[in-house]
Structures are given as structure tokens and as C-alpha cells.
Amino acid sequence: MQEFKDHIIKEIKKSIGIDSQITLEIPPSKELGDFSFPCFTLAKDLKKSPIEIALDISKKITKNDFIERVEVKGPYINFFINKLKLIELTLKKILKEKDKFGSHNLGKKTKALIEHTSINPNASPHVGRSRNAIIGDSITRLLKFENYKTEVHYFVNDVGKQIAMLVLASKNKSPTFSQLLSLYVKINKQIEKNPKLEKEVFDLLNKLEKGDKKTKTLFKRVVEVCVRGQKKILEDFGIKYDFFDYESKYLWNKETNKVILRLEKTGNVSKDEEGRKILDLTKFNLPTKTPVLVLTRSDNTSLYVLRDFAYTMEKMKRSDRNIVVLGEDQKLYFQQLKSALSLIDEKFPEVIHYSFILLESGKKMSTRKGDVVLLEDLMKESLDKAKKEIKKRKNKASDNIAKMIAYAAIKFSILKNSSDKNILFNLDNALSFEGDSAPYIQYTYARSNSILKKVKSFNLKTRYNNILEEEFQLIKKMSEFPDIEEQAFKNYQPHIIANYCLELAQSLNEFYHKCKVIQEDKDLMNFRLTVIKSYQQVIKNATYLLGIDLPSKM
């Protein structure tokens, strides 16, 4: 579609005789054309009413290879593009570019580092936390699709208060991964009833920071159990990492001390009445009543923020672009981090915030309270449902196909929502195989595959004169993919891709119902088979960006 947009904009500029910013719109219905231009923006420069401008421009634009006709509706000029030209250009481009169709090669010779997930190593990840991983993985795929050389990082908080609590709860024993959640919930309840236990937690942290070997071993044992368990679940879910970066590194190499010294030189560090070192951020007008950032505890042990400072500074040196995915509850913290880094002339990463997945009660999921739906439990339940659905349809399918369907259902139920919107978690909706779901998209692909399997071979044909509206709408929808991908990439919004996949699947189904593919007219059959082959390429490219696999049959 870009070629058509560029041509129309060029024609408008030529007709008005001045170099002005021209932005085309997509009309609300196909009856109003393929593109429209609102003439309000030219009224001041041309000193005419928008309606007069629309009429003047329309008289100067003639029918050609790109424009079939032009209509004026009040102050709008509606452009109807040459359908045969669009069809031919689109199909040729898809068949030529294949896996690269839709990419703009924006990341050529550029390195991007993305940190996502970074769940505290204190339990099996719950569905709420998985939104970070699922969004992060999709953004990584968008970066790779745009030809960025990528590094995916996971920051492991292996020296925090939560790990100390698990060490205390474990009583010097090695817990299993499945025991961690119950141990963590239990120790939280014990501390609520007996606040003196919290002193034991801080004593452990103090010993750790001073390098006590036994304490370091206890912390490492708990963290390794959890990281191995989390990694296994997420890898099974199709989400992988290049580097696991441990927070303790910045404790042992004394980088946190260097950060404090640099911050102290700014004159903004002092001690509060509790003896904690704090950083004054008043001049940044942050949305908080207490514009200070606490750097250490009263016993001078460092807090997470100092390790994160050192980690962020190191990350910024590793790549041309640096991205971090954080929950919306971290918005203020990130603003504080960004402000503090600017005090010492350090760069900071781009941030992608996401809203929460809430329980049906409307409450946020909480590992501490045990109010969670575990991702591994959801994955198992979704897999069982996928197997039952396949069996119900009397189809034979491998466990691998069932897994493709099950995990796609979960990912899509999260990715189809804008990341700045909360999701009210409903198990039945998450596992839905009907309507606006991944299985619907996968089934449509499998249906297209069954058509292609009916023919041994065919000749690619990218032009046919007598086409139906359903054929044109499907190909037009395919032609939109590069614009859709660019929009999703530039705004870090995978839901744009997810909703496009639904629209493309719907267009394919309308084509399937109205257009007979296998028939005696060889030219028409070859053309329609070419359309299906092209559709398969586009849907593969789009679902790759969501981390969703397409089974050949269902």
C-alpha cells in the first residue's frame, strides 16, 4: 500500500503547487474509497474553504495505473486505487520477500539490548508476571524482524530481602522448586505475626553483604533452584534469554560503592533520621510527596536501587538501543532512576510499561499472599483442553500440535490487549478456542494448508482480470501488513499485530466461502492458489512476531 500512498501524496502536492505536509487517512468504510485526504490542513495556505480545495484538487488528478477514480465528499477527497495494480504489486512483493515481507530493515548494523521478565527468584512465575515475559518476547521478535542484532537479558535479584526470607524459611535445607511458593507465603505470614523475625532477615542480608561464605552459599542454593525452575517453564513456553545477569555481581565487585561516591559528589546525598543514605530529587518535580530515593539501609547495606544503577550503566555500554520492560507500578521508580542517572551524566534505557493482569475479584496477583494463578498450572490446563478439543473434532494430532494450540491461546489472550490496559483474568476466556483467539487464527491457517495439499503443483499467477470483492479485500489486507508492523514496532504495541492477525484470518475465511479455488479454469485456480500461498506467508510473518506457531493441520 505504501507505493499507492506515496503516489497519491505526490499527485496532491503537484496539484496544489506548494510543498505542504500531506497526511492520508483510511476511510471508515470501503464505500468511501481506500484513502482519503482531509483538505482542512490546506485552507490557511491556499486561502480557500476546504470544500473548494477538495473540488480543485479532484479536477487535476486523473485516472492512472495507481488511481482508479477520485470522489469528493464535502472537504474530503476519497481515492479509489487501481485494484489490479495493487493485487499484482502485493503478491509479487510477498512472493519475492517471503520471510522478510513487512520488515523495513530499520535495525541494519544496529545492536539492541532488551531486558524483560526479571521476576524475583522466589517462586514459580504467575500469570500476572508472565505478561512482562510475553510482551518482552514479542518486542524482541519485532526487533529481530527489523534486522536488529539483539541481546535478551534477565536481571536476577539474588541478594534481596525476598531471598533472605526464603533462606530463613528453608532452615538451611535445600527446597524444591515446587516448595518455594508455599515457603514464601508461610514466612510472610509468620513475619506479620512476629515482626522480630524480620530482624533475622536483615541480619542475613548484613552477613551476605559482608561476604559471609555460609550465607552466600545458602542464598545461592535457593536462587539456583528457582532460576532453573523459572527458566524451564519459560523456555517450554517458547521464551528464551541470552543472559541471566545476577545482582550480586554488583555487590561483590563494589560497583555499588562507586555509584554512591559519584552521587555524593553531586551534593544531593544525605542521611535521614533513620541513618539511611538518601538522594534528593526535589528539582525533578517527580509525582511524589517524598522526592527522595533511599539508597541504603540504616546499617549501610545497599538496596536494590544501587545494584540497578550499576547494572543499568553497564547495559547502556553494550548496545546502540537499550530497552527495559517494567510493570506500571514501576513508573515512579523508573522516573527516579532516570533522574538520578542524569545527575551523574549517565544515559538511561527506553522503557515499556504494562498494566496488570487482575484476578476476577479485581485484585492484583500477589506472590506474597499466594493470590496467584501459576503460569505452569495454566499451561497444563490449556494443554489438556487442547487435547480434548482435538479429540472432540475426531482429529489425530501430535502432542506437539496440541502444545502449539494451547500455548498460543494463552499468549494471544494477553497480547491482543493494549499493554496499557489491565486484563481481568478469566480462565475460560484465556483458554477459549472460539472467536477472537489464537486457535481461530491457527485453524484458518490449517484450512488454507488443506487446500494447497489438494494440488500437487501449480503455477504462480499474480494477475487475474475478473476478481471478486472478497479476493481484493484479502489481498488488500495482506498489503497493509508492512504499515501495521511498522506501527506496532515504533510504538512497542504487539496488540496491533494480534488484532491484524484476526482481521487477516477473517478475510481469508470470507475468501474461502465465496471463492471456489479448485476448479476447471486453470488461470483462475492458479491465481487463487497464489493468493492462498501469499496469505500463508503473511500470517506466518505476523504470528512469528507474537511468538505463536502455526500447525499444519488441526
Checklist entry - What do the steps show when you test R297 against E274 for salt bridge (charged side-chain N to carboxylate O under 4.0 Å, His left out), and what is the final call? => result CA-CA 8 Å; R297 299 184 183 90; E274 294 179 36; over 6 Å; no
Look only at the side chain of [X] and the backbone of [Y], and say whether a donor-acceptor pair between them is shorter than 3.5 Å.
{"X": "D483", "Y": "Q2", "answer": "no"}
{"X": "N422", "Y": "F356", "answer": "yes"}
{"X": "Q442", "Y": "D549", "answer": "yes"}
{"X": "K411", "Y": "G547", "answer": "yes"}
{"X": "S398", "Y": "I401", "answer": "yes"}
{"X": "S118", "Y": "F155", "answer": "yes"}
{"X": "S138", "Y": "I135", "answer": "no"}
{"X": "Q230", "Y": "V227", "answer": "no"}
{"X": "N491", "Y": "Q493", "answer": "no"}
{"X": "D280", "Y": "N268", "answer": "no"}

Checklist entry - Distance from E198 atom CD to N188 atom CG, nearest 0.5 Å? => result 9.5 Å
Item to check | Interatomic spacing from OG1 in T301 to CG in L251 - rounded to 0.5 Å | outcome: 9.0 Å
Donor on one side chain, acceptor on other, [X] and [Y], under 3.5 Å:
{"X": "E209", "Y": "N300", "answer": "no"}
{"X": "E255", "Y": "Y311", "answer": "no"}
{"X": "Q537", "Y": "N541", "answer": "yes"}
{"X": "S103", "Y": "N105", "answer": "no"}
{"X": "Y250", "Y": "D308", "answer": "no"}
{"X": "D158", "Y": "S248", "answer": "yes"}
{"X": "S319", "Y": "E151", "answer": "no"}
{"X": "E328", "Y": "S355", "answer": "yes"}

Next on the checklist: I'd like to know whether K240 forms a side chain to side chain contact (heavy atoms under 4.5 Å, CB included) with V152, so could you lay out the CA-CA distance, the side-chain angles of the two residues, the decisive distance to 0.1 Å, and finally the verdict.
Outcome noted: CA-CA 8 Å; K240 297 181 180 180; V152 184; over 6 Å; no
Next on the checklist: Under the criterion side chain to side chain contact (heavy atoms under 4.5 Å, CB included), I'd like the reasoning laid out for E115 against V325: C-alpha separation, chi angles, the key distance, then a yes or no.
Outcome noted: CA-CA 6 Å; E115 180 215 332; V325 184; over 6 Å; no
Which donor-acceptor pairs under 3.5 Å do side chains of residues 216-225 form with protein atoms, sequence neighbours excluded?
{"unit_1": "T217", "atom_1": "OG1", "unit_2": "K213", "atom_2": "O", "d": "3.0"}
{"unit_1": "R221", "atom_1": "NE", "unit_2": "S174", "atom_2": "OG", "d": "3.3"}
{"unit_1": "R221", "atom_1": "NH1", "unit_2": "N172", "atom_2": "O", "d": "3.1"}

Does any non-hydrogen side-chain atom of [Y] lie less than 4.5 Å from one of [X]?
{"X": "T543", "Y": "C501", "answer": "yes"}
{"X": "I497", "Y": "I484", "answer": "yes"}
{"X": "D420", "Y": "Y354", "answer": "no"}
{"X": "L106", "Y": "F489", "answer": "yes"}
{"X": "H126", "Y": "V373", "answer": "no"}
{"X": "E485", "Y": "H104", "answer": "yes"}
{"X": "V324", "Y": "I352", "answer": "no"}
{"X": "R228", "Y": "F177", "answer": "no"}

Next on the checklist: Determine whether R321 and T110 satisfy the following criterion, side chain to side chain donor-acceptor pair (under 3.5 Å), listing intermediate values before the conclusion.
Outcome noted: CA-CA 8 Å; R321 291 190 69 174; T110 308; over 6 Å; no
Item to check | Candidate pair V294 and L303, rule side chain to side chain contact (heavy atoms under 4.5 Å, CB included), full reasoning | outcome: CA-CA 8 Å; V294 182; L303 291 171; 3.6 Å; yes
Checklist entry - Would you call the rings of F145 and Y544 parallel, tilted or perpendicular if under 30° counts as parallel and over 60° as perpendicular? => result tilted
Checklist entry - Under the salt bridge (charged side-chain N to carboxylate O under 4.0 Å, His left out) criterion, do E381 and K385 qualify, and how do the steps go? => result CA-CA 6 Å; E381 190 161 348; K385 180 166 183 177; over 6 Å; no
Checklist entry - Hey, mind stepping through E346 and R262 against salt bridge (charged side-chain N to carboxylate O under 4.0 Å, His left out) and telling me if it holds? => result CA-CA 11 Å; E346 290 287 347; R262 288 184 65 184; 2.8 Å; yes
Next on the checklist: Could you go through D399 and K403, starting from their C-alpha distance and side-chain angles, then the distance that decides it, and tell me whether this counts as salt bridge (charged side-chain N to carboxylate O under 4.0 Å, His left out)?
Outcome noted: CA-CA 6 Å; D399 286 348; K403 189 179 283 189; over 6 Å; no
Checklist entry - Should we count CZ of R129 as having more than 12 external heavy atoms under 6.0 Å? => result no
Checklist entry - Would one find more than 12 heavy atoms of other residues, nucleotides or ligands at under 6.0 Å from atom NZ of K207? => result no
Restricting to non-hydrogen atoms, name the atom on [X] and the atom on [Y] that form the minimum distance, rounded to 0.1 Å.
{"X": "T444", "Y": "A505", "value": "CG2-O, 3.6 Å"}
{"X": "S339", "Y": "L281", "value": "CB-CD2, 4.2 Å"}
{"X": "L341", "Y": "K347", "value": "CD1-O, 3.8 Å"}
{"X": "I423", "Y": "S413", "value": "CD1-O, 4.4 Å"}

Next on the checklist: So that I know where these two stand, are Y241 and H116 an aromatic pair - ring centroids less than 6.0 Å apart?
Outcome noted: yes
Item to check | F481 ring center near Y500 ring center (under 6.0 Å) | outcome: yes
Next on the checklist: Working note: N253 + K249, criterion side chain to side chain donor-acceptor pair (under 3.5 Å); need CA distance, chi angles, decisive distance, verdict.
Outcome noted: CA-CA 6 Å; N253 66 12; K249 168 185 172 181; over 6 Å; no
Next on the checklist: Please determine whether side chain to side chain donor-acceptor pair (under 3.5 Å) holds for the pair D245 and Y154, giving the CA-CA distance in whole Å, both sets of side-chain angles, and the decisive distance to 0.1 Å.
Outcome noted: CA-CA 6 Å; D245 305 319; Y154 189 124; over 6 Å; no
Assess whether a salt bridge exists between [X] and [Y], defined as any Lys/Arg side-chain N lying under 4.0 Å from an Asp/Glu carboxylate O.
{"X": "R318", "Y": "E314", "value": "no"}
{"X": "D203", "Y": "K199", "value": "yes"}
{"X": "E97", "Y": "K100", "value": "no"}

Checklist entry - Going through the distances and angles, do E247 and V156 end up as a side chain to side chain contact (heavy atoms under 4.5 Å, CB included)? => result CA-CA 6 Å; E247 199 177 318; V156 182; over 6 Å; no
Item to check | side chain to side chain donor-acceptor pair (under 3.5 Å) between Q330 and H353, intermediate numbers included | outcome: CA-CA 8 Å; Q330 298 294 307; H353 287 294; over 6 Å; no
